[in-house]
Protein chains: 2
Amino acid sequence: MKLWTISELCSELGITTRTIRFYEDKGLLTPERLGANRIYSYKDKARMQLILRGKRLGFALDEIKEYIDLYDADLGPMQREQINFLLERVKERRVALIKQQNDLQEMLRELTLIEDECQGMLNVRPTVKG
Amino acid sequence: MKLWTISELCSELGITTRTIRFYEDKGLLTPERLGANRIYSYKDKARMQLILRGKRLGFALDEIKEYIDLYDADLGPMQREQINFLLERVKERRVALIKQQNDLQEMLRELTLIEDECQGMLNVRPTVKG
DNA sequence: GAAGACATTGACGTTAACGTCAATGTCTTC
DNA sequence: GAAGACATTGACGTTAACGTCAATGTCTTC
């Protein structure tokens with residue numbers, strides 16, 4: 001079972017040690033310790049990847065934390081009401097993500113239009129002076 | 001041809017006047033003036049909507065500005081080389097957006113899994129005490 | 001013409017997400 | 001055992017994206 005030091009994990013993920021410690025302060029992950037030193041497991045790495053994906057999608061760390069909380073909620077000891085509550089949160093998230101997906105597709109369409117326009121300009125005739 | 005005052009446009013877009021003035025400072029839009037007062041045209045509104053969409057997608061104002069610059073670049077007076085340069089930028093953007101789209105779909109898949117798991121827990125049996 | 005409603009331009013404040021630097025500890029290596 | 005390499009915990013600094021507040025102007029309305 002593979003383990004990482006902080007600098008190993010950071011270089012694999014392309015972030016700084018400051019960042020990962022900052023996330024720990026914010027309660028986004030809780031690595032084991034070997035003495036004073038942090039030791040990261042595969043699970044920690046996966047969690048960091050979730051966080052970084054959230055960032056790429058433009059979420060704030062608070063929102064990412066909420067997502068992670070949904071992600072590793074333990075349904076076992078939950079009451080029906082709690083599960084229903086969680087389900088609601090999940091559905092809200094889904095709605096927001098689908099909105100974002102629409103925005104994205106719209107933007108991609110626009111880029112395609114611009115691209116076509118550029119290609120059109122380039123294909124009119126190789127050079128004017130001909 | 002419809003025109004807006006700053007507070008009209010802001011309330012339609014759900015933002016504050018501070019925000020729109022801030023964007024103007026950053027060079028993201030340049031409304032007309034009637035005396036000292038800003039007057040917004042339909043084009044300004046459309047541009048603001050582009051900006052807000054960019055924000056929803058998690059872009060920084062700098063990136064949004066670059067996008068807008070692509071968006072209303074005037075190809076007419078451009079040299080072939082300039083158009084090719086612009087094309088490159090557009091393609092870079094497209095690559096980044098498609099990455100983001102993949103991230104989004106992955107997250108949606110995960111949400112679906114969580115949702116199913118919740119539904120599963122709820123459907124086992126209505127209540128335990130039966 | 002005084003009172004509101006709305007606008008303007010500074011300018012300083014605030015929060016999130018880190019960067020940076022100092023002081024200190026531990027572990028290997030020559 | 002001194003020198004690096006890597007780690008730790010503060011703590012203060014920085015940047016983006018606004019919020020807030022003061023001073024002031026203009027325009028309507030009673």
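Given the structure is predicted, the values throughout are model-derived calculations rather than measurements. Numbered from 1 within each chain, the chains take letters A, B, ... in sequence-line order. Values reported hereafter were calculated over all heavy atoms of this structure, with side chains retained and with hydrogens, waters and symmetry mates removed.
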- Message: For the CD atom on A/Q82, are there more than 12 heavy atoms of other groups (residues, nucleotides or ligands in this structure) within a distance under 6.0 Å?
- Response: yes
- Message: Donor-acceptor check, side chain of B/E63 to backbone of B/A60, threshold 3.5 angstrom: yes or no?
- Response: yes
- Here the distance between atom C1' of C/dC18 and atom CD1 of A/I20, to the nearest Å, is 14 Å
- Message: Does D/dG19 have its OP1 or OP2 closer than 4.0 Å to a side-chain nitrogen or oxygen of B/T16?
- Response: yes
- Query: CG of A/D25 versus C1' of C/dG19: gap in Å, rounded?
  - Reply: 14 Å
- Whether A/D44 side chain and A/S41 backbone form a donor-acceptor pair below 3.5 Å: yes
- Between D/dA7, D/dT8, C/dA17, which one does the side chain of A/L61 approach most closely? C/dA17
- Item | Whole-Å gap separating P (C/dA7) and CG (B/L3) | 14 Å
- Message: Rounding to an integer number of Å, can you tell me how far B/D62 CG sits from D/dA17 C1'?
- Response: 11 Å
- In Watson-Crick or G-U wobble terms, with both distances under 3.5 Å, the base opposite C/dG13 is D/dC18
- Item | Rounded interatomic separation in angstrom, taking CZ from B/F22 and P from D/dG19 | 10 Å
- Message: Side chain of A/R33, heavy atoms from C-beta onward: which of C/dA17, D/dT8, C/dC6 has the nearest atom to it?
- Response: D/dT8
- Task: Compare side-chain N and O positions of A/K26 against OP1 and OP2 of C/dA16 and report whether any pair is under 4.0 Å apart.
- Result: no
- Task: Ignoring hydrogens and angles, tell me if any N or O in the side chain of B/R47 forms a donor-acceptor pair with the backbone of B/L29 under 3.5 Å.
- Result: no
- Taking CD1 from B/I6 and P from C/dT8, how many angstroms apart are they, rounded to a whole number? 5 Å
- Message: Given C/dT9, D/dT9, D/dA17, identify the nucleotide with an atom nearest to the side chain of B/R21.
- Response: C/dT9
- Task: Nearest whole angstrom, please: distance from the P of C/dA7 to the CD of B/E24.
- Result: 14 Å
- Message: Can you tell me if B/R18 touches the phosphate of D/dT20, counting only side-chain N or O atoms and a distance under 4.0 Å to OP1 or OP2?
- Response: no
- Lys/Arg-Asp/Glu bridge criterion (N-O < 4.0 Å) met for B/E115, B/R109: no
- Note on the structure: Regarding the side chain of A/S7, the nearest nucleotide among D/dC6, C/dA7, D/dC18 is D/dC6
- Query: Is the distance from OP1 or OP2 of C/dA17 to the nearest side-chain N or O of A/Y23 less than 4.0 Å?
  - Reply: no
- Please determine, for C/dT29, whether a Watson-Crick or G-U wobble partner exists with both distances under 3.5 Å, and give it or none. D/dA2
- Verify the contact: side-chain N or O of B/R38 to OP1 or OP2 of C/dA7, cut-off strictly under 4.0 Å; return yes or no. no
- Residue B/A36, side-chain atoms from C-beta onward, closest of D/dA17, D/dT8, C/dT8: C/dT8
- Query: Whom does D/dT8 pair with, Watson-Crick or G-U wobble, provided both distances fall under 3.5 Å?
  - Reply: C/dA23
- Message: Taking the side chain as everything from C-beta on, heavy atoms only, tell me whether A/E106 gets closer than 4.5 Å to B/R53.
- Response: yes
- Reckon A/T5 has a side-chain N or O less than 4.0 Å from the OP1 or OP2 of D/dA7? yes
- Are any of B/T19's side-chain N or O atoms less than 4.0 Å away from OP1 or OP2 of D/dG19? yes
- Item | Euclidean distance, atom CZ of residue B/F59 to atom C1' of D/dA17 [Å, nearest integer] | 17 Å
